[in-house]
Amino acid sequence: MIVEVCINYQDANVDRTFDYLVPGHLEELVEVGKRVYVNFGVSNRVVEGLIINVKEDTNVEREKLKCVLAVIDKIPIVSDEQIKLAFSIKNYYATKLGQALGLIIPPFVSNNEIYIICAQQTSDLTLEDELKEIYNRILKRPVSANSKLAKENEDKIASLFLRGLLRFELKLLKSLNEEKRETPTEPQYKLTKDQKKALELITSTFDKGIYKNILLFGVTGSGKTEVYIQAMRYVISKGKSVILMVPEISLTPQMIQNVKRRIESEVVVYHSKMNSSQRQRAWLKLKSGEAKVVIGPRSAIFAPAKELGLIIVDEEHETSYKSEKSPRVNAVEVAQMRAKINSIPIVLGSATPTVEHYYYAIAGKYAICTLRERINKALPEVFVVDMKKEILDGNKSIFSRLLLSEIEKNLQRGEQVLLFLNRRGYSPIVICRECGYVYMCKNCSISLTYHKDGYLRCHYCNYKQEYTSICPKCGSKYVRQYGSGTQRIEDEIKTYFKDARVLRMDKDTTTRKDAVEEILSKFKSKEADILVGTQMVAKGLHFPDLTLVGVINADTILNMPDFRSKERTFQLITQVAGRAGREKQGRVVIQTFNPDDYSIVAASNHDYESFFEEEIKIRKTMGYPPYSYIVNFIVVSQNEGFAKKGIENVYRLLEKCTKIVNLKIYGPSESPIFKVENQYRYHILVKFEKASQMIDIANMIKERYNYNNAELIIDVNPINTL
DNA sequence: AGCACGCCGACT
DNA sequence: GTCGGCGTGCTC
């Protein structure tokens, strides 16, 4: 018996599998998805590997074959379906199989912890007895022909198992206090016509057992959640499970509450602040099928849901679904792969769908349902203020006259205000007026942001230094802070409205574990009149008395050097605007220097279609997605010269491809932010005509790039090219 | 990642 | 002559 093993998931610079011989005493233990210990390389290091195939024969010469030393897991920690998913990810994102598996294998799996928990789950023996039995079975037999090595390996493995034995006692104590669960209450909700249609489409697609993207296009407050819940109930009633993806768990407490209350099965919530034992419990509940619903952000798409029947991606346009760390996967794309593997529907919900997805929907590639009505109230009234004109009229304030007067009215009425600015800190640039020196991060090519606590901070690497008002370059004392962040908005708004109670929500005020919930509940219970915040406040929040939203500067995203900047602007304005007047009539004031830009005009008219029409024309003439497929090849090194050499290697490889397929190469050039955390970055952007060509060439470059002095990052379908 | 193999410069 | 530099390639 032979097993095909993927060695050391994460970093080993090998992207192939290896065959190992299974000794007789391990034959009944090996299974696809279990981990094994094997000898690897000339020095026979003991390494961990994952079995991805069990077979009778191999092409490898017998004398090369080594034996499996031990089987680590009692049950597979990765299912067949998840292994298929790993291969899809490897192929599409041009990663190594190990990297793809690394996303799927739960991070808490270390040594034999899973073995221990699983033993606890399945055995009739006491835990300790079973562990001892396993220990004896695996270790008290010859593991390899070479007896010297065998002894060393035994010692190594024995020590791993002993560590496990110590842990198991703690686990035993913990498992005695099992959590209890609220029983769901079975209320009937009446659906609107549109909701009914959407639900029917989802359930009938599910019944057919086919892979299909269903775009659920509905404005904020049109009742998407109700469609999700009823669809989930249907799928669960047929014995299947559901993954519900949300962009950020701490901002969707209402939805989670709703789902928990209305779903028959146990609901597991994944979030980044869970500790290792909470994660283990969640993982096991899904794996065993005890829980049929998992809700969570990006990582939830890798959850071990058993017999998956439906995937729902809420706010599918959110960029947080894309990982910024290598491998740069997009959880929405991964969700599509997983839906395809399982032949199930995937629901993409949004009020502002991505241009690509909407394009596929109207082209007939995806199904689409539109929820037109806003269930409670009319949409808010939107005013666009031209800030050029404000300046011409002598208004030097950050706030337009209209915004100030609207805030005033709101405060008088006892209603609440939300002020949105996409930038934290006090001011983003500190500059010497004598010599022009801009305070820069010493690790990144980024200007430092002045914070109110007297420190200058880099928002890329968190480097901080004390602020001195004397220029470090020329010694002048004419140093000035330019621009505004949320801290400054908070300060200045207090000078205009001295009695107003102001709260601020951004990365700086929410580092503590429950900080987000605390700020939101304070605002909800009307302990504050004005909430100032970044991106965080734009999403999903619902406050009955919030009737005015101010967008301080709509241009921050618009001016980014990215072909999606208009789309992002439209989405963000629409989203923040959606926070106003969810029950009473709301108003929105948008401050901008580009009042005529179509993304801003369309957002102010709540008109997705006309935004889309303008945007798709530009995408077509410029050859951007969905009319092309983009890959960003980035080469990174601490040494500038190495990075440059690396990107030149990539360029040479790409040039050869121009003879075979039609592609457009932009670069090589320095990345827009050249240095990040002391790493120099060069990149080449490549546009392909066909997805298949993109995949082939990205994989070819990955295979052939062998310059070890600089790391190559392949970003397929990049969201952020900075 | 490790480790060996291999092909060039400055040394006992 | 040979010790060691690290480029290249392999690991079942």
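Chain naming here is simple, since letters A, B, ... match the order of the sequence lines and numbering starts at 1 in each.
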Atom pairs under 3.5 Å, N or O on each side, protein against nucleotides 2-4 of chain B: can you list them with distances?
from: B:dG2; atom 1: OP1; to: A:Arg45; atom 2: NH1; distance (Å): 3.2

*Round to a whole Å and report the spacing from CD of A:Glu63 to P of C:dT11.*
13 Å

_How many whole angstroms separate atom CG of A:Asp15 from atom C1' of C:dC12?_
15 Å

*Please say whether more than 12 non-hydrogen atoms of neighbouring residues, nucleotides or ligands are located less than 6.0 Å from NZ in A:Lys55.*
yes

_Atom-to-atom span, CD of A:Glu711 to C1' of B:dA1 - whole angstrom_ = 14 Å

*Using a cut-off of 6.0 Å, state whether more than 12 heavy atoms not belonging to A:Lys66 lie near its atom NZ.*
yes

*If you draw the axis of the six-membered ring of A:Tyr455, does the NZ or CZ of A:Lys464 fall within 45° of it and under 6.0 Å from the ring centre?*
yes

_Using a 6.0 Å cut-off, check whether atom NZ of A:Lys322 has over 12 heavy atoms from anything other than its own residue._
yes

*In whole angstrom, give the distance that lies between atom CG of A:Leu21 and atom P of C:dT11.*
17 Å

*Over how many whole Å does the gap from A:Ile2 atom CD1 to C:dC12 atom C1' extend?*
9 Å

*Kindly check if the number of other-residue, nucleotide or ligand heavy atoms within 6.0 Å of NZ (A:Lys702) is above 12?*
yes

*Could you tell me the separation between the CG atom of A:Leu65 and the C1' atom of C:dC12, rounded to a whole number of Å?*
6 Å

*Among residues two or more places apart or on two chains, list those pairs meeting side-chain hydrogen bond (donor to acceptor under 3.5 Å, both in side chains) that have a residue in residues 670-683 of chain A.*
A:Asn443-A:Asn678

_Heavy-atom side-chain proximity of A:Arg564 to A:Ile719 below 4.5 angstrom_ = yes

*Rounded off to whole Å, could you give me the CD1-to-C1' distance for the A:Ile7 and C:dT11 pair?*
9 Å

*For the pair A:Lys90 and A:Asp15, find out whether any cationic side-chain nitrogen is under 4.0 Å from an anionic carboxylate oxygen.*
yes

Polar atom pairs between nucleotides 7-10 of chain C and protein, under 3.5 Å, N or O only, would you list them?
none

